[in-house]
Amino acid sequence: MADKHQFEVDSNSDDYSSNGNGKKKDGVYCSTGQLVFFGFVACCVIAGVGLMAYYLPDRTCTYEVLPSDNPIEASASPSPIFTEEGRTSVEPGSSTITPTPTAEAWNGRLDPDIMIPLSYDLTLQPCLYNECGDDMKFRFYGWVDIVIEVGQDTDEIKMHILDIEILKINVSVRVGEEADMFQSYTIDTFYEFLIIKTSSTLKKGSDYRVSIEYIGNLRDGLAGFYRSSYTNEAGETVWLATSQMQATDARRALPCWDEPGFRAVFDTKIIHMSNMTALSNGIELGTDPYDGDWQKTSYKTTPKMPTYLLAFVVSDFQYKEGYTTNGVRFRVWCRPDAINTTDYALQSGIDMLTYFEDYFSEKYPLEKQDMVAVPDFGAGAMENWGLIIYRETALLYNPEENSASNKQRVAVVVSHELAHQWFGNLVTPEWWDDLWLNEGFASYVEYLGVNFTEPTWKMMEQFLVEDLEYVFTLDALGTSHPVRVPVNSPAEISEIFDTISYAKGASIIRMLNNILTEDTFREGLTRYLSHYSEGNANSDKLWDALNQVQNKYDVKKIMDTWTLQMGYPVINITRNDKMLTATQSHFLIDPNSEVEDKYGDLGYLWYAQLTHTHETEQQYDNPSYDWLNATETLLVTFSLEDSVQADDWYLVNIKQYNYYRVNYDLENWERLAQQLQDDKNVIPNENRAALIDDAFNLARGGRLSYDTALSLTLYLENELEYIPWEATLTVFRYIRDMFSRNSGYGVLEKYMLCQIDSLYTSVGFEDDPDDAHLDQYNRMNAVGTACYYGNEDCLTKATTEFNEYMNDPENEKVSPNLRSDVYCYGIREGSAEEWEFGLTQYLESTDSAEKSKWLYALSCSREPWILSRYLSYSLDPSIVRQQDARSVISYISSNYVGRALAWDFFRSEYDAIFDYFGDSSFAFGDIVEAVTAQFNTEFDLEELVKFGEGREFGSATRAYEQSIDQTKLNIAWMEKNAETVAATLEQSLAQLGC
């Protein structure tokens with residue numbers, strides 16, 4: 001799925017950051033689990049064909065010392081994982097970090113040794129109005145014939161089922177005897193199993209046909225086969241049926257083997273009203289009359305695929321069409337009144353699909369690609385093979401009405417989902433513990449696709465502030481989790497559709513690409529995709545494919561330290577003449593976090609490539625590098641180039657390709673700060689952003705003083721580049737949130753107004769859509785920040801534009817790039833009248849991106865009674881769509897006036913919120929994180945802990961645990977840093993002459 005920060009499940013809604021700059025900051029959150037037995041590498045190999053090993057969350061792991069001919073071994077060598085002579089390959093399934101086998105069995109998995117499905121022949125008939133009778137409205141008929149292959153003698157067939165009424169079951173031999181072998185069935189509601197007993201034994205090696213007639217529900221819960229609606233130009237409600245199967249909701253649409261390891265082919269037919277069109281994964285074979293006003297559309301058999309990629313849409317939608325250079329039919333569908341907003345996605349999608357065919361050296365395996373924008377969708381999009389389904393804000397773009405950030409969101413999500421057609425669809429993880437293989441790769445490759453179609457957007461630079469630096473914050477908590485994480489139940493699986501799986505997964509893949517080089521990396525991906533095409537794989541199999549195309553590194557040895565451990569290191573650097581000494585330690589925002597050492601006596605250690613340069617050399621494109629070992633060697637000493645001068649500054653982690661923070665000796669920090677003031681352009685944009693992000697987070701973690709961190713921002717009056725400014729605003733957002741009810745807010749406000757003034761003056765308030773893309777982003781940042789902190793010119797212009805629009809909404813239009821800010825500050829500075837106007841515009845707008853801007857702006861009010869009323873609307877689907885409810889609660893939580901209101905609302909309406917989003921919804925974790933994000937007092941902590949006593953949080957369990965951890969960190973920060981930071985800001989203002 002799309003949205004990582006909020007990400008595919010991109011996570012997700014078209015969210016806006018709380019400074020109103022209009023750019024997304026999405027997020028989904030995490031989980032725990034149980035697992036199937038996994039042997040120690042030194043003693044045993046994985047058993048069971050087709051079963052994926054689980055890793056226990058509190059596993060105890062040890063580092064093996066490999067044989068001496070392995071290039072990655074315990075060694076004092078500065079480059080322990082580098083060799084020109086070759087390597088000893090590590091077999092897939094072995095592990096240098098060895099999890100302890102699980103202490104208990106999980107009975108919620110299906111056993112492929114007993115039986116597997118080979119094919120599904122599925123017919124569905126959705127009833128959206130009263131065409132099937134009143135008792136069938138919002139329900140559907142289903143008929144499925146499943147051919148199974150039996151691997152062991154058994155008298156029981158077990159598959160998944162949920163929210164389905166069985167009408168009839170038949171079991172027979174696939175070829176030959178037709179006698180019905182069905183005896184009885186039971187449903188295990190805990191494990192969501194349909195268990196069919198047969199009257200005679202199903203024989204090993206034989207194939208059988210299981211035929212089931214049933215009725216399902218077209219729910220309004222955004223999962224399975226569900227219903228959605230929109231209001232047409234005549235004011236009528238128009239219904240449609242759509243689907244979302246990932247991760248465990250295909251069982252709501254049909255009885256099936258609903259695990260990613262069970263791939264099968266699907267022959268699908270949909271019976272639908274003649275005034276509607278039906279879509280599924282395969283290309284249409286034909287539509288025939290069925291009965292009266294009904295028609296039946298049949299689709300070409302799919303490749304072998306898992307159930308979570310199955311998809312259907314039945315609607316009155318229209319489409320625009322094109323073809324790729326390789327002849328793939330490409331269509332973009334939406335409600336009829338929005339059809340003219342599909343052009344950008346259509347052309348971008350065609351270009352990206354062609355690009356990915358070349359990038360992966362694998363032809364797209366289907367004849368068609370449909371992309372459909374539906375009014376109600378829980379995630380940003382879903383990568384169903386041949387039928388990608390999006391929420392409208394992620395697919396539709398109107399250049400006359402939508403902003404540059406809306407355009408980029410469409411491009412990024414389309415690229416992400418098309419990348420999945422290979423990584424996730426063509427090759428699927430064996431189990432959800434390797435979800436990161438799907439989402440991490442798609443979250444990295446999405447940047448490549450957009451960079452191809454929009455080369456001026458500097459997407460590879462944007463990666464730092466959109467993914468890498470974004471996930472650093474979460475991964476520095478003691479309650480983080482590895483990217484490869486054990487999961488079992490549906491709620492646990494939903495939890496890992498989070499920032500770690502998406503953004504950290506993408507970040508370590510980007511790091512690996514840089515280590516191996518682009519050509520080698522692509523060659524390895526092609527080998528992996530080709531070898532496991534239409535099959536399942538795991539992390540080790542990918543590492544093995546990358547090992548097979550080069551002999552310089554043992555990829556598994558390196559990457560196990562990044563995938564099987566949570567967190568990341570801080571690299572501490574000290575200099576002695578031309579020599580640098582580097583040590584690593586687990587970076588935690590709270591150094592006192594009680595993090596269990598799960599990895600043996602050595603603690604948390606990583607293989608880290610140290611790329612470096614210095615003031616005289618300044619080699620940024622092909623820098624020198626050395627390695628830190630993940631063994632007993634905790635430090636490495638290496639030399640700078642001979643050209644280094646005694647007073648040179650030096651840089652480590654060039655362009656922030658590697659997933660770690662860097663802490664320099666104080667002298668080097670001071671030299672870097674001075675260089676920024678003397679000539680910032682000497683240091684690349686990426687490293688200017690990295691220096692600020694590292695310094696402020698090191699200061700949060702007590703490893704650097706805030707006066708040193710703030711000294712790096714003194715140069716900002718001369719900074720006009722987007723990436724460093726975005727990094728700066730992100731780190732100051734935390735200080736702002738902590739100071740929102742503290743006396744230090746006043747001096748912070750003065751400092752930010754002083755610093756943003758040059759950028760605001762340079763880009764101006766007046767928008768120009770012809771400006772370069774990142775110049776438009778810079779203007780959104782400048783206006784959003786200036787208005788937030790009370791710049792009089794900004795607020796006057798924003799409120800003036802709002803009032804002019806309010807007085808003449810038919811003729812006065814606000815520039816699309818500035819609408820989020822103009823709407824927000826017009827409402828914030830206004831009264832109930834302005835808020836009511838905004839609500840009317842929200843309800844009447846038919847443009848999904850425009851509705852999202854109003855959805856955010858309505859949360860900007862400073863009137864508690866208005867915000868309370870808006871919170872109540874969040875659970876009223878007649879006003880706020882269910883997909884947007886979490887956004888309303890989150891937005892109000894980020895408003896310092898609304899923070900306490902949102903927390904009270906969450907507690908008082910907890911049961912309703914829980915029921916509304918469901919136990920397996922990642923959105924629930926988003927809400928828990930949002931309403932607690934700014935807690936920073938002992939009283940806040942006491943309330944949070946008390947509220948959780950004896951309460952089940954389902955899919956938000958880890959989010960709740962992290963909220964406690966984050967609150968403790970915030971309390972500690974306030975006690976230690978609030979007064980110091982305020983005093984340092986006063987001193988910095990004096991230095992700047994403000």
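Treat the numbers as computed from the prediction; the structure is a model and nothing was measured. FYI, the numbering just counts along the sequence from 1.
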message: Surrounding NZ of K168 (heavy atoms of other residues, nucleotides or ligands, distance under 6.0 Å), is the total greater than 12?
response: no
Greater than 12 external heavy atoms within 6.0 Å of D293's CG: no
Selection residues 309-332 - residue pairs positive for ring pair (Phe, Tyr, Trp, His ring centres under 6.0 Å), sequence neighbours left out: F225-F312, Y319-W333
task: Determine which pairs satisfy ring pair (Phe, Tyr, Trp, His ring centres under 6.0 Å) with at least one residue from residues 264-284, sequence neighbours left out, and list them in order.
output: Y120-F266
query: What is the distance from atom CD1 of I215 to atom CZ of R139, rounded to the nearest 0.5 Å?
result: 5.0 Å
Check [Y] with [X], please: is the shortest side-chain N to carboxylate O separation under 4.0 Å?
| X | Y | value |
| --- | --- | --- |
| R331 | E321 | yes |
| E534 | R263 | no |
| D370 | K368 | yes |
| K137 | E131 | no |
| R335 | E392 | yes |

Side chains of [Y] and [X]: any donor to acceptor distance under 3.5 Å?
| X | Y | answer |
| --- | --- | --- |
| D376 | Q883 | no |
| S361 | R522 | no |
| D249 | Q244 | no |
| N513 | E518 | yes |
| E454 | Q408 | no |
| S211 | D145 | yes |
| N536 | T428 | no |
| Y447 | D467 | yes |
| D434 | W436 | yes |
| Q347 | D343 | no |
| D316 | Y230 | yes |

Would you find a donor on one side and an acceptor on the other, under 3.5 Å apart, between the side chain of [X] and the backbone of [Y]?
| X | Y | result |
| --- | --- | --- |
| S415 | E446 | yes |
| W457 | N451 | no |
| E357 | Y355 | no |
| T307 | A250 | no |
| T520 | T517 | no |
| N281 | A311 | yes |
| R252 | D163 | no |
| E417 | E383 | yes |

Centroid separation Y214 to W143 less than 6.0 Å: no
- prompt: Only one of Y444, F356, Y528 forms a side-chain contact (heavy atoms from CB on, under 4.5 Å) with F423, so which one is it?
  reply: Y528
Are side-chain heavy atoms of [X] and [Y] found at a separation under 4.5 Å?
| X | Y | result |
| --- | --- | --- |
| I148 | D207 | no |
| V328 | L366 | no |
| I157 | V210 | yes |
| L395 | V413 | no |
| P429 | N438 | yes |

query: Got a sec, which residues hit side chain to side chain contact (heavy atoms under 4.5 Å, CB included) with E192, two or more places apart in sequence or on another chain?
result: L162, R251, P490
query: Partners of D847 by side chain to side chain contact (heavy atoms under 4.5 Å, CB included), sequence neighbours excluded?
result: N398, E401, N402, S845, A849, E850
- prompt: Does NZ or CZ of R227 come closer than 6.0 Å to the centre of the six-membered ring of F138, within 45° of the ring's axis?
  reply: yes
- prompt: How would you list, by chain and number, every residue that makes a ring-ring contact (aromatic ring centres under 6.0 Å, His included) with Y226, sequence neighbours excluded?
  reply: none
query: Where is the tightest heavy-atom contact between Y390 and A381, given as atom of each residue plus distance?
result: CD2-CB, 3.4 Å
field: Which residues share a side-chain hydrogen bond (donor to acceptor under 3.5 Å, both in side chains) with E284, sequence neighbours left out
entry: R329
